[in-house]
Amino acid sequence: MIERGTNRPPGFQTRAIHHGYEPKKFLGSVAPPIFMTSTYSFEGIADAAAVMAHEREGYLYGRESNPTQALLEARLANLEGAEACVVLASGMGAVGSLMLSLLSQGDEVVVHRTLYSNTYTLSRLALPRFGIKAVPVDLTDPGRLDGALTPRTRLVYFETPVNPTSEVIDIAAVARRAHAGGARVAVDSTFASPCVQRPIEHGADLVLHSLTKYINGHGDLLGGAVLGDAATIEQIRGNGLRYITGATLSPMAAFLVLRGMKTLSLRMRQHAASAAAVAEMLAAHPAVAWVRYPFLAGSREYEVAKKQMSLGSAMMAFGLKSGFAGAAAMMDRLRLVSRAVSLGDAESLIMHPASLTRARQKVYPDTRPAEGVTDDLIRLSVGLEDADDLLDDLAQALAAV
Ligand code: 7XF
């Protein structure tokens with residue numbers, strides 16, 4: 001029998017609903033207010049000076065901070081186990097603000113060879129324009145990091161699980177090696193959410209999220225976050241957000257993310273249960289050549305994932321024996337699963353990166369598939385529909401190929 005008392009710290013789900021908010025400070029309002037303001041007034045010049053010097057709590061201007069954002073930041077930091085958080089207008093707003101705040105001309109950043117397509121493009125095309133060298137390494141083998149680190153390496157940057165391959169990277173093993181070489185580690189944990197994986201507990205210095213995905217969970221806004229130690233987060237807010245990107249999250253979006261987060265652990269449990277059923281069905285299907293899902297028993301991913309993820313989340317990659325053409329044919333037959341980019345929504349979403357990349361090249365000739373993204377790769381974000389309905393839809397679409 002567990003003794004009930006008042007000393008036990010509240011659990012994840014309780015904190016996702018309550019942390020950082022006291023209704024009595026806001027006329028008893030159980031839902032937090034949305035502060036729709038671009039600027040803040042002061043009693044006098046001395047008062048303004050006190051706020052600017054962080055001697056009294058207060059706000060100056062909406063590009064830098066807002067009380068609704070501040071609540072979201074406090075709650076996300078608490079859930080992630082980070083000292084501080086800054087929220088931004090999108091996941092790319094977070095990636096760009098982080099890179100441009102922490103890296104300077106002559107610096108090097110080691111990146112996993114496969115990244116979300118626009119982070120990949122940032123590392124390949126944008127950072128070199130500013131004299132920052134991005135060095136791609138296959139971090140699924142953490143030992144490869146040693147040969148890539150130089151005295152100029154400031155940062156080791158990767159996603160886990162990786163977009164779109166669903167590879168899993170050993171956070172603790174990479175962090176040990178990076179720290180020994182004097183570099184910091186930033187992990188984009190978007191595919192997992194803090195409910196499933198908290199990279200700081202495994203040695204990462206900084207964590208990024210696209211709030212657009214699981215954390216908001218309802219596919220109705222864009223947002224991003226960077227979490228870590230207070231000094232670095234202040235640097236990203238004070239440089240990146242304030243005068244480099246200006247990528248501010250709107251107060252309305254901050255409110256909606258707070259609302260979505262109340263059900264984060266409920267959703268992740270359902271996402272993961274359905275995804276496991278789908279991954280097993282795909283792995284056993286005669287038309288399917290391969291499946292990668294972090295919690296697929298017996299896989300390389302699972303050996304690493306079980307050390308750092310409490311659930312498998314719901315992102316998977318698979319390929320059909322009929323390759324590129326088969327992927328297109330199968331996807332066109334789906335009735336319930338939506339053909340759409342993005343992930344982590346209530347709706348199941350499926351995409352085929354190779355055909356999207358080919359189409360994009362007509363408008364952006366510089367577009368390249370990230371290394372490791374094969375022509376046959378199909379990426380599936382398993383949603384919250386009844387698992388049986390998803391299994392039926394996938395089975396009927398696969399039956400024809
Ligand atoms: O700027 P966004 O909120 O869309 O976030 C960018 C981003 C950053 N990191 C990861 C691991 C991501 O997956 C994303 C966005 N990915 C979506 C996707 O892969 O479908 C974007 C649709 S093109």
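No hydrogens, no waters, no symmetry mates; every other heavy atom, side chains included, goes into these values. In this chain, residues are counted from 1 in sequence order. Predicted model, so just to flag it, every value in this text is computed and none were measured. One-based numbering, in listed order, for ligands and for the atoms of each.
Regarding atom 17 (C) of ligand 1, its nearest protein heavy-atom neighbour is Lys213 NZ, 3.0 Å. Tyr116 CD2, 3.6 Å is the protein heavy atom nearest to atom 14 (C) of ligand 1. Nearest non-hydrogen protein atom to atom 3 (O) of ligand 1 is Thr212 OG1, 2.6 Å. Regarding atom 11 (C) of ligand 1, its nearest protein heavy-atom neighbour is Asp188 OD2, 3.3 Å.
Note: His352 and Phe324 meet the aromatic proximity criterion, with ring centroids under 6.0 Å apart. For Tyr214 and Phe191, the ring centers are positioned 6.0 Å apart or more.
Partners of Arg335 under the side-chain contact (heavy atoms from CB on, under 4.5 Å) rule, at least two apart in sequence or in another chain, are Asp393, Gln396. Scanning for side-chain hydrogen bond (donor to acceptor under 3.5 Å, both in side chains) contacts around Glu64 gives an empty result, with sequence neighbours left out.
Residue contacts with ligand 1, taken as heavy atom pairs separated by less than 4.0 Å, do not involve His209 at all.
Among the atoms of Leu222, none of the N or O lies under 3.5 angstrom from an N or O of ligand 1. For ligand 1, the polar-atom distance check finds no N/O of Asn118 at less than 3.5 Å from any of the ligand's N/O atoms.
No side-chain donor-acceptor contact under 3.5 Å links Glu73 to the backbone of Ser65.
Every atom of ligand 1 with a heavy atom of Met92 under 4.0 Å away is listed here by number and element: 1 (O), 2 (P), 5 (O), 6 (C). For ligand 1 and Gly223, the ligand atoms under 4.0 Å from any heavy atom of the residue are 3 (O). The Val341 neighbourhood of ligand 1 comprises atoms 20 (O), 22 (C), 23 (S), with distances under 4.0 Å to a heavy atom of that residue.
At least one heavy atom of Asn163 sits closer than 4.0 Å to an atom of ligand 1.
Each of Arg198, Arg75, His209, Gln197 was checked for a side chain to side chain donor-acceptor pair (under 3.5 Å) with Glu80, and the lone residue meeting it is His209.
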